[in-house]
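Remarks on the structure that follows.
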Amino acid sequence: MSPPRSRRQRRTSTRPPIRPRLGFFVRLTDAIADHQSLLVTGLDPNPEMLQSWSQRRGMAGRSFLSQARHWIKAVIEATAPHVCAYKPSLGFYQALGPVGLDLLREVRELVPLEIPLIIDAKHGDLNSSSALAHYLFRSLGADAVTLSPLPGQDIAAPFLLYPDKAVVVTCHSSNPAARVLQHHPNEEDPLYLRIVRETQLWATPEQLLLEVGTSDPAILARVRREAPERFLILRSLWAEEDRLDALLEAGLSQSADGLLLPLPQNLLVEDDMAQRAAQLKQRISERREHWLENRQRPAVSCSLWLPDLIAAPVATQPAAAEPAAAELTATDPKATQPATTQPAGPQPTAAGPTSPGLAAKQPAKQPGGTAAALAAGHSNGVDPAPAAAVAPADPLESLIVDLFDIGCLLFGDYVQASGALFNYYIDLRQIISDPNLFHRVLHAYAGQLQGLEFDRIAGIPYGSLPTATGLSLQLHKPLIYPRKEVKAHGARRLIEGDFVEGDVVALVDDILITGGSLLEGIAKLESSGLVVRDVVVFIDHGDDPAGQAGAGGSASGSGSAALQRLEHKGYRCRAVLDIQRITRVLHRHGRLSDAQAAVLGNTDSLSPPEPTSPPEPPSPPAQPGRVRASS
């Protein structure tokens, strides 16, 4: 085994640096951070707008193409330090014919490469999607494109084949004539919010953004509640300063970003556009800081129903009933932290909706939600319980069902790696072929890793290596892994990846059965000078008493035997899911019969299903808070 390289050795290495091709989302967030700006500049050569600008510069006698070329160059030079993206409308350039497309290529050359270029196409034709995607992303070199959502997911698929690019889906138009369509059938569940919910299933937040055309803060706030982790691009003009404040309040994410605002078009023909762009950027920055300060004020303790805590840790103590309410006490009123009986280690945080006060007042709108379930109970002569007394829906319910539907749970006789014979088998390798589902699984893992302190992520080969790789990219933590066997040739390393003795490693694995493979991996890591404190698995199998697998808890009532084995050796272990939780959800959704649920050893799941509401899309982790769950 070769010794690990020291920091000094790595620092003095003569190996040339590798500059990977950054994806759209990374480039966008880098531009926001580097320029300290949420502003986007449109580059639309509108003849009416350019007339006065050209006259003031003595260009009235020149061709429109010449005027447009000089104006575009002037706008980019004046605004580049103050914006995070450029967004030319394809229609203006197409209207000029072939010379217009040549002009669009000049735009690509003029826009700095570190600033994303979004082509505003509002594309909605399925037949030409593949050709347009190739032209925009490969020939032109654009970074993102706007799409119409009406053709459905198929309109986005050809563009999403380019992993370093992104799509921006228009969910609402500011045109008054569109209201009769966008707000159909009613204001409680309008079409534009259905579009927001549906399009989030098409791609991850890194590859799909939403465009909202409105000057109404109420509409923007509703979109933000439906899509708490998506970047929103606003299409509106604000005439008064208080309108800008209201739009920022409605559209900013939990971290005071996630909202891109356009530079007003009238500003782009002014002689002092650079100065005015800098002033607007400064004003928005001040509003963001003020907004963050207000959100960090101490909150008054109150009882609040929290139905959508994500990736709640698996409790190591059995509870007599699901907690119906939680008492929130936090410095940040929007921050929540799932309660757990885990005895040691930092606790993960989870984000509730962007505006919990509003969300708590609104019943679920989807079919089968809490409101529908309560109404059904009332019609059957059963008095509906108050909202605060209804047991919360499982926040990972839809994920569990989707995992079952792609074949991750099989029934039959299967021999496990430990040699035990199980009458069911969990195969998580199917996940890696479904990018959207894989992202949701990674998000659930990340919820457990949130709050832990570690320098590197390690995966147990070979099943958890894709997961560890995804988490490394998502959390920006270096990846290492212990080899299953040391080769007799090559470098003969026991640990693959770059590390320094004393680095703290968070270890991830897919399924916890006996803990043997985890302990074997930990031993290899520790023998190389690494420190392991925390282990996160996706599924805890539970105990296997005398061949009865999947009982979902040890006889001592303090977690599975494998989990206790790890804790006894000093390692804190967290599981995203356990067999009981999976069985309960699948049985409630009709995926498992009573007999199949009994096979999994979960007799509790055979009780009548509780009213549930679909969970919200996963949110980024909130600021640390403190939650005391009622027992």
Intermediate values then yes/no, side-chain contact (heavy atoms from CB on, under 4.5 Å), Asp402 and Asp434: CA-CA 11 Å; Asp402 289 345; Asp434 188 327; over 6 Å; no

Please walk me through it: do Trp53 and His70 pass side-chain contact (heavy atoms from CB on, under 4.5 Å)? CA-CA 10 Å; Trp53 185 86; His70 281 85; 4.2 Å; yes

CA sep, side-chain torsions, deciding dist, call: Ile284, Lys281, side-chain contact (heavy atoms from CB on, under 4.5 Å): CA-CA 5 Å; Ile284 292 174; Lys281 179 180 74 171; 6.0 Å; no

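- A donor-acceptor contact shorter than 3.5 Å links the side chain of Asn46 to the backbone of Glu48.
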Applying salt bridge (Lys or Arg N to Asp or Glu O under 4.0 Å), run through Arg108 and Asp143 and close with a yes or a no. CA-CA 10 Å; Arg108 171 66 281 181; Asp143 300 297; 3.5 Å; yes

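- For Asp216 and Thr214, the side-chain atoms include no donor-acceptor pair closer than 3.5 Å.
- Looking only at atom types and distance, the side chain of Arg440 has a donor-acceptor partner in the side chain of Ser398 under 3.5 Å away.
- Of all heavy-atom pairs between Pro88 and Ile118, the closest is CD-O, 3.2 Å.
- Side chains of Thr146 and Lys87 form a contact here, defined as non-hydrogen atoms less than 4.5 Å apart.
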Verdict with reasoning, Tyr93 to Leu43, per side-chain contact (heavy atoms from CB on, under 4.5 Å): CA-CA 10 Å; Tyr93 298 86; Leu43 293 173; 3.9 Å; yes

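- Between the side chains of Arg235 and Ser173, no donor-acceptor pair is found at a separation under 3.5 Å.
- With a 6.0 Å radius and a threshold of 12 heavy atoms from other residues, nucleotides or ligands, His183 has its NE2 atom above the threshold.
- Considering all non-hydrogen atoms of both residues, Ile32 and Phe231 come closest at CD1-CE2, 3.6 Å.
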